[in-house]
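Values below: every heavy atom of this structure, side chains too, minus hydrogens, waters and symmetry copies. For reference, positions follow the sequence shown, starting with 1.
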Amino acid sequence: MGICWGSSACSPSPSSNDYLSSGTSHTSSNLTSSKPSNSTFSGTSNVSVNSQISGGSNVEVYPNGQILPTPNLKIFSFSELKSATRNFRSDTVLGEGGFGKVFKGWLDEKAPGKTGSGTVIAVKKLNGESWQGFEEWQSEVNFLGRLYHPNLVRLVGYCWEEEELLLVYEFMQKGSLENHLFGRGSAVQPLPWDIRIKIAIGAAKGLAFLHTSDKQVIYRDFKASNILLDGSYTAKISDFGLAKLGPSDSRSHVTTRVMGTYGYAAPEYVATGHLYVKSDVYGFGVVLVEILTGLRAIDTNRPTGRHNLVDWIKPYLSDRRKLKSIMDSRLEGRYPSKAAFRIAQLALTCLESEPKHRPPMKDVVETLEIIGRSNDRQLEPRASANRRTTQRHAQQPPQCRSPLHPRQDGNRVHQQPARF
């Protein structure tokens, strides 16, 4: 979930990322700078022992999101979650990472002993040897337990019995963005362009909500594996183990130990430990580049000089012809070139070396929505013209076709690569 730099004590640990979904995670290595202490909750954000389960209607009532004063979660017993996950059987494992394993489970109050039916959940179970441990479990409860937004994964509840620490989330049917962009095999279908835009907009809205809320929240670990997708490919940000409250009015940043993920963390944060709201914007820019290219932020299997995606790709983003050469081949050219170039330009602004030069996330959302709408306007008239042409040809014999109106290919929009 988190990393640190410059400490000889640090060693790689896998990321627990796809744990709310149906896929197995496979992400960049993460590190933490020290083991968390098993302290009790402190401050005003203590977990309410008397809290009740919060229904999904909160998102419907507050479509623009809300932040509760205290976590509003269901407290599960260990036996309940043991039963829901079939005693944490291996065939219910969704993923595994530094925090521990995540299991698929079923909650059915009418038939508590029956598995495989009822409300589907994802249960994250703390590994006793975990480096992330208690502090990130606590952060997840205190942050995600109070946040409601259509583009944030919903934390349903938790369990804390003696040494057992578990978190219960809504289940995300389509898995992680990471799996769709980088996964291989017949079970993984490449994302079409319109779905990629939809995911980018949804994730941007989630970040914008965090940044513009009354108590500014810096997410600190924005990456493709932490963007999960529901059944209709709505993007939801997950994993708030590294989240921090933003700076006070009198300060521009928060100073903290450096944690995050290689390839996504903003350069000023890596260098100084100064964490800005716009440090998240840099991570969003990295994800935009991944969406365009279908390439991982960090991949040591690539040739020397190309291990870091941003360092390698940046010069390509400002040139239409160069951009074409690095676009995800699995798109097969089925994307509007103008929209792709505008996304590339937006990514460049998000990746500015100085935080003050990066756009606020609310502006990023607006830009992405404009690009999405222009993309729809571009495709719809062409599709309508194709339909009219097909109907006209069905009524007119081929030998009577006028030489001034040659036959149009109804599949042209989908078959021809976009031009730059």
Side-chain angles (χ1 to χ4, degrees), residues 17-18 21-28 95 172-204 223-235 263-264 284-303 306-310 312-317 319-348 368 371-372 375-376 378-379 382-383 409 411-420:
N17 297 304
D18 229 4
S21 62
S22 55
T24 301
S25 65
H26 177 69
T27 65
S28 308
M172 302 294 286
Q173 298 94 319
K174 297 295 185 181
S176 70
L177 173 61
E178 177 195 48
N179 191 49
H180 286 278
L181 287 179
F182 316 128
R184 294 294 183 266
S186 59
V188 181
Q189 297 298 318
L191 294 171
W193 177 258
D194 59 334
I195 296 297
R196 297 186 192 215
I197 296 298
K198 177 180 180 178
I199 291 169
I201 292 173
K223 55 187 176 182
S225 58
N226 283 344
I227 301 172
L228 303 186
L229 310 172
D230 69 9
S232 60
Y233 290 97
T234 298
Y264 295 92
F284 186 85
V286 177
V287 171
L288 280 184
V289 176
E290 290 183 321
I291 287 173
L292 289 174
T293 65
L295 300 173
R296 293 181 180 275
I298 295 291
D299 189 346
T300 56
N301 293 321
R302 291 195 291 257
R306 298 185 176 186
H307 294 176
N308 186 297
L309 181 63
V310 170
W312 164 36
I313 292 296
K314 244 186 174 183
Y316 292 76
L317 299 178
D319 187 301
R320 287 176 183 264
R321 294 180 181 177
K322 289 183 177 180
L323 178 63
K324 180 178 180 180
S325 69
I326 52 93
M327 289 292 291
D328 189 350
S329 61
R330 293 196 292 175
L331 283 169
E332 298 180 338
R334 298 173 184 171
Y335 60 89
S337 59
K338 290 182 180 179
F341 185 61
R342 293 177 71 183
I343 295 291
Q345 290 179 308
L346 177 60
L348 274 175
L368 286 170
I371 294 172
N375 182 42
D376 292 339
Q378 179 182 354
L379 294 179
R382 296 174 71 179
D409 183 357
N411 293 324
R412 180 174 179 273
V413 172
H414 302 287
Q415 292 180 344
Q416 294 296 322
R419 294 179 182 273
F420 288 84

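For Asp328, the side-chain hydrogen bond (donor to acceptor under 3.5 Å, both in side chains) partners at least two apart in sequence or on another chain are Arg196. Taking the side chain to side chain contact (heavy atoms under 4.5 Å, CB included) definition, one finds that Ala224 meets it with Leu177, Glu178, Phe182, Tyr264, Glu290, sequence neighbours left out. Not counting sequence neighbours, the partners of Ala204 by the side chain to side chain contact (heavy atoms under 4.5 Å, CB included) test are Phe284, Met361, Val364, Val365, Leu368. Evaluation of the side chain to side chain contact (heavy atoms under 4.5 Å, CB included) rule for Ser232 yields Lys198, Asp230, Thr234 as partners, not counting sequence neighbours. For Pro190, the side chain to side chain contact (heavy atoms under 4.5 Å, CB included) partners two or more places apart in sequence, or in a different chain, are Arg330.
Closest of all the heavy-atom pairs between Ile371 and Ala339 is CG2-CB, 3.8 Å. For Ala340 against Met327, the heavy-atom pair with the smallest separation is CB-CE, 3.9 Å. For the residue pair Ala297 and Gly263, the shortest heavy atom distance occurs at CB-O, 4.1 Å. The minimum heavy-atom distance linking Ala347 with Gly285 is given by the pair CB-O, 4.0 Å.
Annotation: the span from Thr293 atom OG1 to Leu288 atom CG amounts to 10.5 Å, rounded to 0.5 Å. Distance CD1/Ile298 to CZ/Arg306: 14.5 Å, rounded to 0.5 Å. Rounding to the nearest 0.5 angstrom, the gap separating the NZ atom in Lys322 from the CD1 atom in Ile313 is 11.0 Å. Interatomic distance, CG of Leu348 versus CG of Leu317, reported as 4.5 Å (0.5 Å rounding). Note that the OG atom of Ser176 and the CD1 atom of Ile227 stand 9.0 Å from one another [nearest 0.5 Å]. The distance from atom CD1 of Ile199 to atom CG of Leu191, rounded to the nearest 0.5 Å, is 4.5 Å.
With Arg302 contributing its side chain and Arg296 its backbone, the two residues share a donor-acceptor pair below 3.5 Å.
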Give the C-alpha distance, both sets of side-chain angles, the deciding distance and a yes or no for side chain to side chain contact (heavy atoms under 4.5 Å, CB included) between Asn179 and Val188.
CA-CA 8 Å; Asn179 191 49; Val188 181; 4.3 Å; yes
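Shown are Asp194, Ile201, Ile195; of these, the side-chain contact (heavy atoms from CB on, under 4.5 Å) with Ile197 is made only by Ile201.
With a 4.5 Å cut-off on side-chain heavy atoms, Leu181 and Ile291 count as touching. The side-chain heavy atoms of Trp193 and Ile343, taken from C-beta on, include a pair separated by under 4.5 Å.
Ring geometry for Tyr233 against His180 counts as perpendicular: the plane angle is over 60°, on a 0 to 90° scale with 30° as the lower cut.
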